[in-house]
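Notes for the one structure printed next.
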Number of protein chains: 2
Amino acid sequence: MDMEARLHADHGDELRLWLRMLTCTQLIEQRIRSRLRERFATTLPRFDLMAQLERVPEGMKMTVLSKRMMVTGGNVTGITDQLEAEGLVQRVPVEGDRRALLIRLTPAGRKVFATMALEHEQWIVQALGGLSAREVETLYKLLGKVKQHVKQSEPEGA
Amino acid sequence: MDMEARLHADHGDELRLWLRMLTCTQLIEQRIRSRLRERFATTLPRFDLMAQLERVPEGMKMTVLSKRMMVTGGNVTGITDQLEAEGLVQRVPVEGDRRALLIRLTPAGRKVFATMALEHEQWIVQALGGLSAREVETLYKLLGKVKQHVKQSEPEGA
DNA sequence: TCGCGATTATTTAGGTTTCAATAATCGCAG
DNA sequence: CTGCGATTATTGAAACCTAAATAATCGCGA
């Protein structure tokens with residue numbers, strides 16, 4: 001077996017794991033998307049944005065929001081436009097910085113989100129129902145290692 | 001603690017795990033996307049399609065391809081159009097069924113993919129470098145449980 | 001053989017996401 | 001206080017993805 005072939009063989013496990021991670025998340029994600037659409041006529045990105053805001057009552061700047069959601073700023077602008085038009089979030093000027101805007105849930109938005117979040121959580125519990133509490137914990141810890149390693153290697157600018 | 005609050009508390013672990021799964025895959029996925037763009041001026045969906053074809057030299061029908069890639073048929077049509085225009089894949093009529101087409105890599109496509117795949121695998125190994133071989137195995141098995149449970153519950157039709 | 005439901009691929013319209021460019025503002029160095 | 005690089009949000013162009021409609025073909029049952 002030459003070096004190149006050995007290299008390949010040695011790394012097959014990582015590749016298999018990665019593909020399985022992708023399969024699992026896509027499987028669950030698609031299920032959640034379709035349920036959000038059927039039950040609440042909304043989309044995952046909209047739900048995500050509201051979920052982020054829910055944790056911070058005073059609101060968040062769009063840059064922070066885009067980092068947390070791991071999407072581009074332009075994307076956040078678009079989703080915010082929609083939710084604002086529906087009265088679920090509002091843009092609030094930031095005192096002392098005329099560039100920035102704080103996005104926050106309106107009372108109506110908070111109410112709507114509460115309903116969705118409750119059901120959403122049940123979907124997740126159901127999706128992960130094949131695991132024991134101990135296995136959930138193990139998975140959580142191992143993925144924590146992955147997350148940490150990925151984030152520390154190459155934070156930005158190779 | 002009332003029932004609703006308890007319910008919430010009991011299921012917090014699953015939700016946390018789900019969010020972490022999402023974070024990990026998105027983190028890695030985005031890194032791969034940007035590297036595919038920088039290094040090979042291509043995209044993840046195009047890479048994915050070629051990766052599927054690579055495993056089956058005789059080619060695959062578009063329906064099979066769309067199921068494996070977990071995207072819609074129309075999407076596969078679009079990506080195939082691009083790759084075909086670049087001479088990386090070709091559409092081959094199926095003997096005995098004039099509806100179906102076999103998509104397969106051209107020799108040029110196979111060559112291009114081989115180069116990308118080698119580097120791609122290194123990226124994955126690097127991303128998962130924070131784990132021991134044993135941890136990779138554990139993660140793989142646990143995610144296998146998740147995958148199986150999600151797939152068996154509600155295969156289709158509520 | 002005929003007809004009809006199912007399968008296969010494509011098209012269409014609409015929404016999502018990214019990247020890059022733009023415009024406004026900030027804050028600091030001089 | 002002036003200018004200039006950095007930050008903030010938005011916009012525009014292009015790619016991606018979906019769902020639903022369309023068109024061609026298949027294959028089976030009567």
Side-chain angles (χ1 to χ4, degrees), chain A residues 22 25-27 29-38 40-49 59-86 89-104 156-157, chain B residues 22 25-27 29-38 40-50 59-86 89-104 156:
Chain A
L22 224 41
T25 51
Q26 283 179 6
L27 224 43
E29 201 172 315
Q30 281 175 8
R31 198 153 295 183
I32 291 175
R33 277 181 203 277
S34 82
R35 287 187 179 167
L36 279 175
R37 180 163 30 85
E38 291 162 9
F40 302 115
T42 192
T43 64
L44 188 52
R46 291 159 52 116
F47 179 84
D48 278 347
L49 192 148
M60 269 163 104
K61 282 195 300 184
M62 307 199 68
T63 40
V64 178
L65 205 40
S66 93
K67 270 200 180 58
R68 290 221 199 173
M69 293 178 67
M70 300 200 277
V71 297
T72 59
N75 195 354
V76 172
T77 296
I79 300 170
T80 301
D81 286 347
Q82 292 180 14
L83 294 175
E84 190 177 37
E86 296 172 29
V89 308
Q90 62 187 157
R91 279 178 235 243
V92 182
V94 171
E95 202 73 14
D97 187 343
R98 277 182 294 177
R99 293 167 305 178
L101 295 169
L102 237 41
I103 314 301
R104 74 162 63 130
E156 59 231 310
Chain B
L22 223 41
T25 50
Q26 283 180 4
L27 224 44
E29 200 173 314
Q30 282 175 7
R31 197 153 297 184
I32 291 174
R33 278 182 202 278
S34 82
R35 287 186 180 169
L36 279 175
R37 181 164 31 82
E38 293 163 7
F40 303 114
T42 192
T43 65
L44 189 52
R46 291 158 52 116
F47 179 84
D48 277 347
L49 192 148
M50 294 180 77
M60 265 161 108
K61 282 195 300 184
M62 306 200 69
T63 42
V64 178
L65 204 41
S66 93
K67 271 201 180 57
R68 291 221 198 171
M69 292 178 69
M70 299 199 279
V71 297
T72 59
N75 193 356
V76 172
T77 296
I79 299 170
T80 300
D81 286 347
Q82 291 180 16
L83 293 176
E84 191 178 36
E86 297 173 27
V89 307
Q90 64 188 154
R91 281 179 235 246
V92 182
V94 170
E95 202 73 13
D97 188 342
R98 277 181 295 177
R99 295 168 304 176
L101 295 169
L102 238 42
I103 314 301
R104 76 162 62 129
E156 58 229 311

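Chain A is the first sequence line, chain B the second, and so forth, proteins listed ahead of strands; every chain is numbered from 1.
Between B:Leu49 atom CG and D:dA15 atom P there is a gap of 17 Å when expressed in whole angstrom units. One atom, CD of A:Glu95, and another, P of C:dC26, lie 12 Å apart when rounded to the nearest Å. Spacing between atom CG of A:Leu65 and atom C1' of D:dT10 amounts to 15 Å, rounded to whole angstrom units. At whole-Å resolution of the value, CD1 in A:Ile79 and C1' in D:dA9 are 15 Å apart. Going from atom NZ of B:Lys67 over to atom P of D:dC17 covers 18 Å, rounded to whole Å. Here D:dA15 presents its C1' atom at 13 Å from CD of B:Glu86, a figure rounded to the nearest Å. One interatomic measurement links the two molecules: CZ of A:Arg37 to C1' of C:dG14, which rounds to 13 Å at whole-angstrom precision. What separates CG of B:Leu36 from C1' of C:dT18 is a distance of 15 Å, to the nearest Å.
For the pair A:Asn75 and C:dT16, the criterion of a side-chain N or O lying under 4.0 Å from OP1 or OP2 is not met. Considering only side-chain N and O atoms, A:Gln82 lies nowhere under 4.0 angstrom from the phosphate OP1 or OP2 of C:dG15.
B:Gln90 is linked by a side-chain hydrogen bond (donor to acceptor under 3.5 Å, both in side chains) to nothing, counting only residues two or more places apart in sequence or in another chain. Residues passing the side-chain contact (heavy atoms from CB on, under 4.5 Å) test with B:Gln82, sequence neighbours excluded: B:Arg46. Take B:Arg33 and apply the salt bridge (Lys or Arg N to Asp or Glu O under 4.0 Å) test, not counting sequence neighbours, and it matches B:Glu29.
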Can you pull every protein N or O that's under 3.5 Å from an N or O on nucleotides 6-9 of chain C?
from  : atom 1 : to       : atom 2 : distance (Å)
C:dT7 : O2     : B:Arg99  : NH1    : 2.6
C:dT8 : OP1    : B:Lys61  : NZ     : 3.0
C:dA9 : OP1    : B:Met62  : N      : 3.4
C:dA9 : OP1    : B:Leu101 : N      : 3.0
C:dA9 : OP1    : B:Leu101 : O      : 3.1
C:dA9 : OP2    : B:Met62  : N      : 3.4
C:dA9 : OP2    : B:Thr63  : N      : 2.8
C:dA9 : OP2    : B:Thr63  : OG1    : 3.4

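Mapped onto DNA chain C by nearest heavy atom, A:Thr72 and A:Arg98 fall at different nucleotides, with A:Thr72 at the one closer to the 5' end. With the nearest nucleotide of DNA chain D identified for both A:Asp81 and B:Met70, A:Asp81 has the one nearer the 5' end. Two residues, A:Gly73 and B:Arg46, neighbour DNA chain D, and the one matched to the more 5' nucleotide by heavy-atom proximity is A:Gly73.
Considering only heavy atoms from C-beta on, A:Leu49 comes within 4.5 Å of A:Thr80 through its side chain.
Closest approach of A:Leu44 to A:Leu36, counting heavy atoms only: CA-CD1, 3.7 Å.
Counting any heavy atom pair closer than 4.0 Å across all strands shown, B:Arg33 reaches no nucleic acid atom.
Sorted by first and then second residue, the side-chain hydrogen bond (donor to acceptor under 3.5 Å, both in side chains) pairs with a member in residues 91-104 of chain B read B:Asp81-B:Arg91, B:Glu84-B:Arg91, B:Asp97-B:Arg99; sequence neighbours excluded.
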Donor-acceptor pairs are to be reported for all side-chain atoms of residues 60-79 of chain A against protein atoms at under 3.5 Å, with residues two or more places apart or in another chain.
from    : atom 1 : to      : atom 2 : distance (Å)
A:Ser66 : OG     : A:Thr63 : O      : 3.2
A:Thr72 : OG1    : A:Asn75 : N      : 3.4
A:Thr77 : OG1    : A:Gly73 : O      : 3.3

